[in-house]
Every structure is written in C-alpha cells, then in structure tokens.
Amino acid sequence: MAIKKLLKITAVFFIVLSFFGCNKSDDSFVNDNANKKSTGLLEYNSVAELEGKNIGVLTGSVYDDISKELIPNGNFAYFNTASDLISAMDANKIDAFAADDSFIRELLIDSPELGYINECVTETDAAIMFQKTDEGYALMTKFNQFLVKADKDGSLQELKNKWFNYDENTKMPDYENLDNSNGTVNLAVYSENSPYGFVMNGRIVGYDVELIVRFCEAYGYGLKVINTNLDGVLSSLQSGKADCGAGGINVTEERRQSVDFSLPTSKIKGFFVVRNTASSNLTYEHISDLNGEHIGIRTGTLYDALTKERLPDSQFEYFGAVSDLTAALRSGKIDAYAIDYNLVVEVIRDNPDIGYIPEVFIRQYPAFVFGKHEKGEKLTEQMNEFLREIQESGLKDELYNKWFKYDENTKMFDYTKLEGANGTLRLACTGMNKPFAFARENIIIGYEAELAALFCEKYGYKLEFEVINLDGIMAAIEGGRVDLACGAIAITDERKQSVNFSDPVCENNSYFLVKKTTKKAGSFFADLKEDFYSTFIVENRWMMFVSGAGVTMALTVLTIILGTLLGFITYKKARANDESHLLNRFVNFVIWLIHGLPMVVLLMILYYIVFGSLSISGFFVAVIGFSLSFACSMYSMLKAGEKAVDKGQSEAAFTLGYTRDQAFYKIILPQAAYHFMPSYKGEIVSLIKATAVVGYIAVQDITKIGYIVRSRTYEAFFPLIVIAIMYFVMAAILTSIVNNIDLFIDPNKKDRRKVVKGVETE
C-alpha cells in the first residue's frame, strides 16, 4: 500500500509540474470583463454597505461562508437555483448575492438592471470533480494528462476563448454518439452556471462540458450527461451515479474531503451582485424605443455610423463635447446620446435627472494606438509584453480599481522624473477621457496615463503628453507626429487598417443616456412582448416546455396506475388478516414511514442511496417513489372506505352464499368506492403538484424546465405563469377522466333504469 501511495504522489507531482503555468494568463479575458466600473450607479457601492442587509446565498456554494464572514450582521436567505436568486432580487426580497465573475458577465447582458460591487471577495480554482475511489483516481489521472496536453497545444485556451466569449452562434460538438469502446463516462453538470454548464436548444453545453467531450473523444469513452443542481453534483459522485462532476465547481478543502479534483481548468473570481439604480424611471427603456427620435452624436466618434445603422428613422444632431451633448439632453433638444461607460458614470454623478438605458449599445475594448511602421511595431510588442506581465502580477487590476474608484486624492506615478535612456515617447490624448487620460492641474493623469508612464519606466523611455482633439489623434499617429495614443480609444476593424493596437486594457461598453422622468406609455407591453420572445421563441424554448409537460404527465399517469394497483393488492392481502398479523403491522409501519418523510427527501434517498449503485434513470426512480407514496394513500382510502360500509352488507352477502372475494368485489368495493372517490381525486391533484420536486433527482419535468429557461433569460413572469397553467390543465384532464369513472360508481349519477329497485316475487 505504501508503494502504491508513493506512486500516486509521484504521478501527481509530475503532472502538476508539467501543468505549471497553465493558468498564469488563462483567464485574463475573464478578469478584464469582470472589472467594469460600477461606482456611483449602484444601490450599494462597497461590501461594507451590505452590513445588516438581506443577502441571498446559493445553497451548497462557496459563497455561504464567505458572505457570512464579510457581512456578519447580514440577514441570509437560501435559494436552490441561480434563477431563484435573480427573481428574489427583482422582487426586492434580497439586496445582494455573491456569484462567479463569468456568471455575472452573462447575467448583466440579460439583466442590465443589475450591477456588481467591484470588490473581489474570493479567487479560487475551478476544476472537474471525480469519485474518491481507485476507479475515480484512474479516470482523473487520464483527464489531467489530457488537460496538460491541451494546454501545451493551445486547444485549452482556444476552448476558453470560445465559451467565455460565447454568443448564440457558438456550436457544441455532438456528444450523444461518441465511440464508447472503452466504456461510458457519466457526467453530472450544474447546468445554471454559464459559460461552464448551461442548457441551449434543449442540450447541456458549455466550457466544462465540451472539455469532457474532448477528453472522451481522445480516450474512446461514451458520454452520458446528467442535469442537476449544485448539491446534486456532489451527491451524484458520492452515490456512484456519476463518474465526474462539472459546471464551474470551486475547489475547496471541505469538498476535497468527499471528492477528488482535477488540475485547475480556470480561475474564478467572486463579486456581489446588487441593483443598478441609474436605470429606473427612464423616458425610454430600450434602444429600439429611440428609433424616430432626436439623437445626439459626438463628432468624430464611431457612434456616427453605428447609431445611424441601429436607429435609421431618427434625426441626428452633432456636438463636439460630452458637456454639449448633456446640456442638449437636459434642455430637450435631443432625446438621447451614446457614450462610453466610464463617461456614463461621470455624467450621472453630476446630473441625477439623467439615467442610462441598461442595454449595451456597443461592446468596446480600449487599447493603446501605435503607428504602422518599424518603431510602432516594436512599441506594440513591448506594450503587449508589459500588459501581460502586470496582468499576471495583479498590478493591472490594482491600477484599474485605483482609477475607476477615482477621487481627488488619487495619486499618479510621477512620470516627469523619467530619465529616458532609450529616447522620448510622445503620447496623444484628448485630456478629457476620465478616468483613462484626463487633465488635473495641467497634468495628464488616469488609468491609461499611468499604464503608459510605468511602461516607459520599464523600457527606459521619457514620456511627453500632447493634447489633441479626438478626430486629429489618428492623423497624428499616421503622420508620425506622436508615437502612441490613448484615451478609451476602441479597437475597430476600420482603424486597424491604419494603425496598430495593443492588447485591450479593459472592457468599456457604450450605453445611451436619456432623461429620467416617467415611463413611456406602452413600455409595459413592449417588455411583455420581449419577455415572451426570449422565453418561448429564442432557441425554440417552447419545445422544452412541451417536453417537460410530457414528462410530468407520463410520471403522473404511471404513478396513478402503479400506485393504485400496488395499494389495492396490498390492501387485499392485508384485509384477509387481523390487525395484529405481521403483514399488517409491516404495512402500517411502511405507511407511517413514507407519509412521515417529505417527498423530496424520499426521492433523494431512493436515487442516491437505495438505487445509487444501479444505472437507473431519475424518471423511473421518481415513478417508484411516487408510486409507493400513492399506494400508501390508496391503502388508507380503501381501508377508510370499507369501514364506511355497514358490516351487515358483508353478513348478508355471506348468507346468500357469496365467498369473501365475491362479497368484496360485488358488494363492499362498489359502496366503499363511493366514499373514497372524492379523496382519490384529491390525491391525483396533489400528486401532480408534488411532482414539481423531481428536478432534485435529474428529471427534466415542467418545473425543472422552468428553472432552466429562467436561468437563461433571468425572467420569471412567463415561465412561472406557463408552468402554473400547464399544471392546471393537466390536473383538469386527469380529474375529468376520474369523474367519468365515478359515473359508473355513484348510484346517484347512474341511469335510473339500471339501478336495481329490489327483488321481484310471485
């Protein structure tokens, strides 16, 4: 055993050694996108302000302990899904919740009425989980080898770029028909954590999922994907239902006690999500509402052509500065204008009567600009090298936070004392792009200005600033008058034809500013139309609801049939004995046990413990669990129904020569059914509603589909309304069927000509 353990440790050591550096710069694009400035626009702008507030926590996540540690006096509420957290925020039941940076990025695209506090509360590795067994260790070792190879050949970074820059056209390889010559890998996925694992077009896709798909392709495994919640991933591994678990799972020491983790697949940062207060009571709520209105455009910006393309029926007015645009907006000369997010913050701080439409107009990536010549090429390479170094060291994030939380006391690196052994660089900027590059006391300071100063210090340059109008900066670069330029200059394909760009220094999206007054008439119906489209039309999500309803209906019908038969047969066997008989005592104990357990607990015991080692789907486990519960109710109803029938009925039947079974079927049961049928119909309705918990054991019923759709749209109205309607319809259909059966039982509802009046005598 000692030798075996030593070999394991040695193998892990060499794999980790070969993987060293794999995650040094793997998530820079994630980190940059997660660092959007939010100060001044949010309901709360620091974690300290959340003290005493209502904090939401995703059950089973790492943010439970972190939230309690950072906000010891908070009021904590727990939710099972991310979509529940979003709904709670919309309903003002919670004030904040912590989440992963990648999830927040996707969230803000669809729910821009939310924002996040730009204070990283945790940074952990994400990895794939494996069973803590010899088989699980062997599978994990193969996966780690695959991961090291993928990092070396660049396919891992390619996969990250694909999913962390996900759009609707991102394709997922077919994993349903993989070659399974070496067996099948069962993968449990937490499917509400985009881009790691989520549902698109009815399939589970994402970064983690495709990573496992590629692993299975490389090693000849088939793949079976199990959709579950965060708690269910760990339970599936411990019970043997799954061989590995994924979905952006944070590596923690507590989890290491129960499962093994692969080498890190990415880095995860955590932030607190809060409400965005700068997007309420707007005159316009969507960019599409601006079509046909008066739109302001800043001369020389990329907004000219893009605004005309997006709003072709509008009238356009041109202005030279943001201050002129703002004055025109406040005076009613224009209805809206688009600017960069950093300027949105500044305008709204000084003009509380202005807000911004929380819908990204243009995604921009500012960068340093260089000339297309030998010196420019050299400087571009040096700048990219510098940006990568400060990203790895954390200095880039530090500078970003410093300047995007700017106040009057913020200090700038003193670039006037640079010696310039390798010459002088002339940097052009407008001097008006706060906080990128702006003037204070006749000195240019800011985020990009300090980046440039530190760059010059590293490479031995002296630095001089030249303030030039925006429309003259490109000409100055092309003509060689200046060596580089900055000031939130976005990378575009058109500009790339004339100049070189460095790597992006951050993400700086654009939004439309509008006045804050009352909501425009008709906006409610526009929102309703948009919500309907995203809930049902996009990705043909209506088919998911139909599929979920079919699963719920099939589960209910099978349960009614099997539960009724099981309860009836058990009662028939038990009624032949007195109450003290061993069978009757056992049946009474089982009824007490099953009725005493919450249904969700019973299902999880059956799925993860009783049938944990068997390859049986969650659907059939649910059928078994609900059939047992329904059979117990059926047994009790039959027992109560027979007690309601006078004993003289049995005695009379025996006197007429009926056997015990004949008396039961012809005399007792028809009369007992009359008494228990109302309860039976009530049990059917209760059963349909009770099936809503089967999502806990990886069954895609109608309620689970609702959760999945909500996790993609972050809208609760239509999914919940449709689910409610479907449950009502299914209950009505089944109740109607039982009512028709009731016609053959209730003597008051029978055809009077068929009711026996008595015995004819001569």
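Everything numeric here is computed off the predicted structure, so don't read it as measured data. Side chains included, hydrogens not; waters and symmetry mates left out as well; all remaining heavy atoms used.
No side-chain heavy atom of Val551 sits less than 4.5 Å from a side-chain heavy atom of Lys704. No side-chain heavy atom of Met140 sits less than 4.5 Å from a side-chain heavy atom of Cys244. Contact annotation: the side chain of Leu178 never approaches that of Tyr221 to less than 4.5 Å [non-hydrogen atoms, C-beta and beyond]. Residues Thr252 and Thr124 are not in side-chain contact: their nearest non-hydrogen atoms beyond the backbone lie 4.5 Å or more apart.
Using a 3.5 Å distance cut-off with no hydrogens or angles, the side chains of Ser102 and Asp100 do not pair a donor with an acceptor. A donor atom on one side chain and an acceptor atom on the other are found under 3.5 Å apart for Tyr78 and Asp64.
In this structure, CD1 in Ile705 is found 11.5 Å from CZ in Arg541, a value given to the nearest 0.5 Å. From Thr122, atom OG1 reaches atom CG of Asn250 across 7.0 Å, with rounding to the nearest 0.5 Å. A distance of 9.0 Å separates CD1 of Ile609 from OG of Ser235, quoted to the nearest 0.5 Å. To the nearest 0.5 Å, atoms OG (Ser191) and CD1 (Ile226) are separated by 12.0 Å.
When the options Met129, Lys241, Gln131 are evaluated for a side chain to side chain contact (heavy atoms under 4.5 Å, CB included) with Ser236, the one that passes is Lys241. Between Tyr116 and the choices Tyr44, Phe103, Phe271, Phe272, the ring-ring contact (aromatic ring centres under 6.0 Å, His included) rule is met once, by Phe271.
The salt bridge (charged side-chain N to carboxylate O under 4.0 Å, His left out) contacts involving residues 203-213 comprise Lys162-Glu210, Glu176-Arg203, Glu210-Arg214, where partners must be two or more places apart or lie in separate chains.
Between Phe545 and Phe536, the angle of the ring planes lies from 30° to 60°, which puts this pair in the tilted group.
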Verdict with reasoning, Leu58 to Phe97, per side-chain contact (heavy atoms from CB on, under 4.5 Å): CA-CA 8 Å; Leu58 181 64; Phe97 67 88; over 6 Å; no

Worked check of side chain to side chain donor-acceptor pair (under 3.5 Å) between Thr564 and Tyr680: CA-CA 10 Å; Thr564 300; Tyr680 186 76; 2.8 Å; yes

Intermediate values then yes/no, side-chain contact (heavy atoms from CB on, under 4.5 Å), Tyr196 and Phe164: CA-CA 9 Å; Tyr196 294 96; Phe164 283 91; 3.6 Å; yes

Candidate pair Leu734 and Val557, rule side-chain contact (heavy atoms from CB on, under 4.5 Å), full reasoning: CA-CA 8 Å; Leu734 292 176; Val557 171; 4.1 Å; yes

Chi angles and distances behind the side-chain contact (heavy atoms from CB on, under 4.5 Å) call for Phe198, Trp163: CA-CA 11 Å; Phe198 60 101; Trp163 287 107; 3.8 Å; yes

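For Tyr727, the ring-ring contact (aromatic ring centres under 6.0 Å, His included) criterion is met by no residue, not counting sequence neighbours.
Between Ile71 and Leu50 the shortest heavy-atom distance is CG2-O, 3.4 Å.
Classification of Lys267 and Asp125 as a salt-bridged pair holds, one side-chain N sitting under 4.0 Å from a carboxylate O.
Distance alone, capped at 3.5 Å, is enough to place a donor-acceptor pair between the Lys132 side chain and the Arg256 backbone.
Open room surrounds CZ on Phe620; 12 or fewer heavy atoms of other groups in view lie less than 6.0 Å from it. Counting non-hydrogen atoms of other residues, nucleotides and ligands closer than 6.0 Å to CD of Glu158 gives a total above 12.
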